[in-house]
Each structure stands twice: as structure tokens, then as C-alpha cells.
Amino acid sequence: MAVTRTFSIIKPDATRRNLTGAVTKMLEEAGLRVVASKRIQMSREQAEGFYAVHKERPFFGELVDFMISGPVVVQVLEGENAMQANRDIMGATNPKDADAGTIRGELAESIEANTVHGSDSDENAAIEIAYFFDDAEIVG
Ligand code: ADP
Ligand code: MG
């Protein structure tokens, strides 16, 4: 297996509950290293662009409203097969289906306010990292 990078967002439900550290600890304990991190307030345009792949889904408007409802922490994570390692520690999209010990299983509030985003492929990870970070901001 190769060391790769993936993209993560700690969502507004988590920053509101002061869980940035708790989420990051779970990521680190899963073998991932935070090689870039910044706390930002996303604009509506930025959130709509980020989630453009979901724009036909019925929850798109609410998802964008939620993602701009408070600050988020965008991160680049590095590790062995980082995309899959992150998806594994995140847990299922709906916290009702998420295993105990996963971030969503332990911390998420609802299917929408589900604490974290994680890229779903290496290709999307590269696109999503470039959407929020310049190369010089990533220090491995
Ligand atoms: P994941 O975040 O697990 O990759 P998706 O890419 O399918 O899940 O969905 C993106 C985000 O949209 C989810 O993390 C969640 O915040 C929101 N979402 C997904 N499904 C629903 C739904 N049925 N109702 C409301 N929000 C949803
Ligand atoms: Mg997704």
C-alpha cells in the first residue's frame, strides 16, 4: 500500500459543539496525519461549488445551508491508503447505520449534521484538496 492523501471537513455541527480536537484525535488514532488544516467560514458559492455533484439531489439546498451555518475545518490527511482509511473511521453517512467507534457512530447528530466529510476516491481527493489548499499550505 502507498502513502496517499485525502480531504476532510469537520462540519459545522462539530465546530459548534467544540469537537474539532475530538474528531482530529480519532483521525490520528486511525493512522492519519493532518498535513494541512484551516478553520474557515464557507461562502454559499464555495459550498455550492464543492457539492456541485449533489446539485440534483433533493437535500442539496439544505446541505448547502447547513455547511455555511458555521465554521468548518478543512484538512488534508496523509497515510497508508488515506481515502479508504478515512472513510472507514468516518462510518456510514447516516449515524443510525454507523458502527460504534466510528466518528459518525460516536459523534454525529443526524444524516445531514454528520460531523465529517471525506473524499470518496483518490481522484476526488485531489480535486477537493485543490479546491481549498495551495500546494505551499500542505506540509507533510
Ligand atoms: P458521504 O458524506 O458519506 O460521502 P454523500 O456524499 O452521499 O455522503 O452525501 C453528502 C452529504 O450530504 C452527507 O454527508 C450528508 O451531510 C448529506 N446527506 C446525504 N444524504 C442525505 C439525506 N438523505 N438527507 C439530508 N442530507 C443528506
Ligand atoms: Mg460523499
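Since we're looking at a predicted model, the values are computed, not measured. Read the numbers this way: they start at 1 and go in the same order the structure lists the ligands and their atoms. Note: hydrogens, waters and symmetry copies are ignored here, and every other heavy atom, side chains too, is used.
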In terms of residue, atom name and distance, what is the protein heavy atom nearest to atom 18 (N) of ligand 1?
F59 CE1, 3.5 Å
Using a 4.0 Å heavy-atom cut-off, say whether K11 meets ligand 1 through its side chain, its backbone, both or neither.
side chain
Could you tell me if any non-hydrogen atom of D120 lies under 4.0 Å from any atom of ligand 1?
no
Check each heavy atom of I111 against ligand 1 and say whether those closer than 4.0 Å belong to the side chain, the backbone, both or neither.
both
In short, N86 meets S8 closest at the heavy-atom pair ND2-CB, 4.4 Å
Heavy atoms only: give me the nearest M67-P12 pair and the separation to one decimal.
O-CG, 3.7 Å
Closer than 3.5 angstrom, by distance alone: can the side chain of R87 be matched with the main-chain N or O of G118 as a donor-acceptor pair?
yes
Can you tell me which residue and heavy atom of the protein come closest to atom 2 (O) of ligand 1, and the distance to 0.1 Å?
R104 NH2, 2.9 Å
Checking N114 side chain against A108 main chain: does a donor-acceptor pair fall under 3.5 Å?
no
Looking only at heavy atoms, is any part of H54 under 4.0 Å from ligand 1, and if so is it the side chain, the backbone, or both, or is it neither?
side chain
Could you tell me the separation between the CD atom of Q75 and the CZ atom of F132, rounded to the nearest 0.5 Å?
12.5 Å
When distances are taken from atom 13 (C) of ligand 1, the protein heavy atom at minimum range is N114 ND2, 3.6 Å
Heavy atoms only, cut-off 4.0 Å: how does R57 contact ligand 1, side chain, backbone, both, or neither?
side chain
Close aromatic pair by centroid cut-off 6.0 Å: F50 and F7
yes
Parallel, tilted or perpendicular: which describes the rings of F59 and H54, with under 30° parallel and over 60° perpendicular?
tilted
Could you identify the single nearest non-hydrogen protein atom to atom 8 (O) of ligand 1 and state the distance to 0.1 Å?
T93 OG1, 3.3 Å
For R87, which part has a heavy atom under 4.0 Å from ligand 1: side chain, backbone, both, or neither?
side chain
